[in-house]
There are 2 protein chains.
Amino acid sequence: MRTDSTSHALTDAAIAPSRPAHLRRANARGLLRLLKEHNPCSKADLVRLSGLSAPTVSSAVAYLESLSLVENLGDGESSGGRPPEMLRFNASHGYVAGVDIGGTRLRMILADLNGRVVTQWATQFTEKQRSPKAVCSLIHEGLKVMCQEGSTSLRKVLHITAGAPGITNVNSGVVLSAPNLYDWNDVPLRSMLERELGIPALIENDTNLAAVGEHWRGSAEGVGDFVFIALGTGVGAGIFIHGKLHHGANWSAGEIGYGNVAGKPRQNLEVHATGQLERAIGGLGIEAEWKRLLERERRPNLAGLERLRATEVFDLAVDGDRMAAQVVQYTAQILVDCIVGMALTLDPGVVILGGGVGSHPELCRVTARLLAQNEFAKPQLRSSSLGPQAQLHGAISLSLSATEAQLLA
Amino acid sequence: MRTDSTSHALTDAAIAPSRPAHLRRANARGLLRLLKEHNPCSKADLVRLSGLSAPTVSSAVAYLESLSLVENLGDGESSGGRPPEMLRFNASHGYVAGVDIGGTRLRMILADLNGRVVTQWATQFTEKQRSPKAVCSLIHEGLKVMCQEGSTSLRKVLHITAGAPGITNVNSGVVLSAPNLYDWNDVPLRSMLERELGIPALIENDTNLAAVGEHWRGSAEGVGDFVFIALGTGVGAGIFIHGKLHHGANWSAGEIGYGNVAGKPRQNLEVHATGQLERAIGGLGIEAEWKRLLERERRPNLAGLERLRATEVFDLAVDGDRMAAQVVQYTAQILVDCIVGMALTLDPGVVILGGGVGSHPELCRVTARLLAQNEFAKPQLRSSSLGPQAQLHGAISLSLSATEAQLLA
DNA sequence: TAAATTTCTTAATAAACTTTACAAAGTTAA
DNA sequence: TTAACTTTGTAAAGTTTATTAAGAAATTTA
């Protein structure tokens, strides 16, 4: 029956603060959230918005000002009486950073606490820089450059989120496997970053980050249940359920690249093989289908037709090329099968197509047309609005959430 | 900027009670929860468990006793000092009921606030009783009978949950469509029940209820992410994510019966047709496959072999019948394809096979064997432990949660 | 210039929790 | 048998937080 005196079951509960002091913090948190949503506004506004009494709001705001989380902008415009003191969330109180570790390059972004982008930075990997350790120093370097460009200091960077193209255990901060990267396995990236940078860090799967980005300020704004499908070199999905990422029991939710493709023989799933769906409609798969058609019809290889990238084939389809249109049709049909399968399971309201190949307008158009032929299991199909920036914005979003929880803990 | 004075943005927030009075309620709720988990126990125990001070616990318990939610059992055993006053959650303070509206019969269950089953009741539908209105009166009748048998009164029944074999909008309380029932469409079942019984009600899809049941006191106890597959006349799934049911944007998450089956031609989804997966491995589909094999091998129709039900065919397979084993293999293979598809999307830790056909041990055995051939996307496969009772227990579970929230609102 | 309006603060009051002190009812051991 | 010790529970006093009520400050309106 005896429990550790520092851990209280009540306070651990979902909604069960137990002590008066908790009220103060909860109110401060709530007021800060309201201020962010109605930035800038006056104390009187906060009184109306929160339902709390004026003195309570006053003292909470004083507390937030003492933490430099809130600034007093001075008098605003009177509406027939004493002019209000306008308050603003101090977005420069700190900064957050996002990282996208890609197959060939590293991209980074720095944003203030409002999520406003301050600077970006990118670099190509050299052969030597591909080890986890080297990547960490490279990130350190990039962060320093961005801080300088943004006229701030590393000390003011409060959190960083890094995305990797592989299966990541967000809790332990370990990249479990990233074959499409440099075959990272069980890399404790979070702790490495935290040691290198001295900043709390978070790691995530890159497709999941893109989904977060689209949810935050992209095509899925305000949509709690959706699936983001990333179609590029690889094929994967980021799944949002009830406004939050769904990771699954082994951090591998959304690994749809291994799914079966209708018409192709069933196959057991092996760890070190490329998945069937990925082979079919990953970038290489699409290009292979294009070459197959070219050869079948013995078309002359004008202007290097044989070496076109997937998106270039799609562009040809827009220009009216019949054979390229067939490739689009082929891709869209397989994609629709995949979407229908997920829709029957999850019933998402929205499906977003993203990734280098997936966000091509022609593919979206044809996919939507095919999907509409069903009488149900047809979620709204949208194209990614953040494009290749989605991951970075998602990283910022996660860092902002983590910071928010941390600032008034 | 002006907001309605009765709605406070802060109090609507996830974790943001704002007033001292909220503390009282939150603490009372928390203490009641702790008492339920350590039933019976003393105030001193609650002090240790909650981390609250003794006077606070005393006054909260007094409050709970005044509501008759807690009983004082008198002195317990001393552990070297003044003997503790033992407290017990008063499970007879009220009761909750569950209903399963099936294709041919109505089943009901009555339980106390601890979830202990008091009585059950069931009846076959007659032709006339199939209208929503008639079903409601039948439920009323059943409830009265159960109250009598349980020596309680209808007034003490605090909540009821009803499950229907169709797509249900839990928020609005409307059965959107239940073709396998009596072609109910847009039936406002919840409000009908509430008017008929004078009790707050909840409605749900029956497969979802079964999933809740297995999660509460069945094969998925303690598992937050799992999929319950119901294989019977129909084929459907109940999906648990992060400890809660997942409904999807149109209340049709888990309607996997319409899924494609590998090797069969792709098909568009139509509302009034049976789904491809359901045609393949629903009860009728399995029986059809059995007949097909019988005919192909021109086997003499001994002992009415042609009229065997799916489960009877599976029984034959256990007895060593080669052809029946083929049917099991056929079913299991399609089931595995379906499970793998869901596993790649959701990565559930556990998949539970249930329903009249799905819970057959032989099917589970073969399915598990096939599933194990994959190197990943192989969730733990379990068989339903509540069997046909799963729905009813799930209904009780939902009613208990609803009641808990209601008792100390 | 006075009245009205809006914003914000100060002072008094109420609610809820905690600490401290102590009473009640047992066990243990000289 | 009795005194010391333990454990449980309550009462009183004090602390923290929020509220209401009153009023001060700064502006617009008449």
Side-chain angles (χ1 to χ4, degrees), chain A residues 1-2 5-6 8-11 16-31 35 38 40-65 70 72-87 408, chain B residues 1-2 5-6 8 10-11 16-31 35 38 40-66 70 72-87 408:
Chain A
M1 275 291 177
R2 186 161 287 281
S5 69
T6 56
H8 301 309
L10 272 190
T11 54
S18 56
R19 296 178 169 70
H22 290 200
L23 280 185
R24 247 184 102 85
R25 275 205 294 276
N27 283 336
R29 249 199 313 272
L31 287 171
L35 175 56
H38 302 82
C41 72
S42 68
K43 287 182 203 176
D45 290 331
L46 289 178
V47 168
R48 283 187 287 268
L49 287 166
S50 68
L52 294 173
S53 69
T56 302
V57 169
S58 264
S59 91
V61 166
Y63 171 63
L64 292 172
E65 282 182 315
V70 166
N72 193 323
L73 297 180
D75 286 3
E77 220 169 288
S78 162
S79 60
R82 172 174 172 176
E85 294 173 30
M86 298 310 284
L87 303 171
L408 292 168
Chain B
M1 276 291 179
R2 186 160 285 283
S5 71
T6 56
H8 302 309
L10 271 190
T11 54
S18 57
R19 295 179 170 70
H22 290 199
L23 279 184
R24 248 186 102 85
R25 275 206 294 275
N27 282 336
R29 248 200 312 274
L31 287 171
L35 175 55
H38 303 84
C41 72
S42 68
K43 287 183 205 177
D45 290 332
L46 289 178
V47 168
R48 283 187 287 268
L49 288 166
S50 68
L52 294 173
S53 69
T56 302
V57 170
S58 263
S59 91
V61 166
Y63 170 64
L64 292 171
E65 282 181 316
S66 78
V70 166
N72 192 322
L73 297 179
D75 285 4
E77 220 169 287
S78 162
S79 60
R82 174 174 170 176
E85 294 173 28
M86 297 310 284
L87 303 171
L408 292 169

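Below, chains carry the letters A, B, ... as their sequence lines are ordered, and counting in each starts from 1.
Rounded to an integer number of Å, the gap from CG of A/Asn72 to P of C/dT7 is 15 Å. Remark: P of D/dT15 and CZ of A/Arg24 are 17 Å apart, rounded to the nearest angstrom. Protein atom CG of B/Leu52 is 15 Å distant from nucleotide atom P of D/dG9, rounded to whole Å. Put simply, CZ on B/Arg25 is 12 Å from P on C/dC17, counting in whole angstrom units. One can place NE2 of A/His22 at 10 Å from P of C/dT18, the figure rounded to the nearest angstrom. Separating the CE atom of B/Met86 from the C1' atom of D/dT7 is a distance of 14 Å, rounded to the nearest angstrom. Atom pair A/Leu87:CG and C/dC8:P shows a separation of 7 Å (rounding to whole Å applied). Computed from coordinates, the B/Glu77 CD to D/dT8 P distance equals 13 Å when rounded to whole Å.
Scored by the side chain to side chain donor-acceptor pair (under 3.5 Å) test, B/Ser53 finds B/Thr56 as partners (sequence neighbours excluded).
With distances taken from any side-chain atom of B/Glu85 to the nucleotides D/dG9, D/dT10, C/dT7, the minimum falls on D/dG9. When distances run from any side-chain atom of B/Thr56 to the nucleotides D/dA18, C/dT18, C/dA16, the shortest one goes to C/dT18.
Residues B/Leu31 and B/Val70 fail the side-chain proximity criterion, which asks for heavy atoms closer than 4.5 Å. Two residues are said to be in side-chain contact when any heavy atoms from C-beta on lie closer than 4.5 Å; B/Glu85 and B/Asp75 meet this criterion.
Side-chain nitrogen and oxygen atoms of A/Arg48 include none within less than 4.0 Å of the OP1 or OP2 phosphate oxygen of C/dC8. Contact between the side-chain N/O atoms of B/Asn27 and the OP1/OP2 oxygens of C/dA16 is not found at any separation under 4.0 Å. For A/Lys43, a side-chain nitrogen or oxygen approaches OP1 or OP2 of C/dT9 to under 4.0 Å.
Taking each heavy atom of A/Ala28 and A/Leu64 in turn, the nearest pair found is O-CD1, 4.0 Å. Nearest approach of A/Gly74 to A/Asn72, heavy atoms of both residues: N-OD1, 2.9 Å. Smallest separation of non-hydrogen atoms from B/Leu408 and B/Arg29: O-NH1, 2.9 Å. In plain terms, the two heavy atoms of B/Val47 and B/Val57 that are nearest each other are CG2-CG2, 3.7 Å.
An angle of 20°, rounded to 10°, separates the two end axes of the helix from C/dT1-D/dA30 to C/dA30-D/dT1, each defined over five pairs.
Under the 3.5 Å distance criterion, the side-chain polar atoms of A/Ser58 are left unmatched by any main-chain donor or acceptor of A/Pro55.
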TODO: List the steps and the verdict of side-chain contact (heavy atoms from CB on, under 4.5 Å) for A/Leu49 and A/His38.
DONE: CA-CA 9 Å; A/Leu49 287 166; A/His38 302 82; 3.6 Å; yes

Under a 4.0 Å heavy-atom criterion, the protein footprint on nucleotides 20-30 of chain D, written with B, S and -, is B---BBBBS--

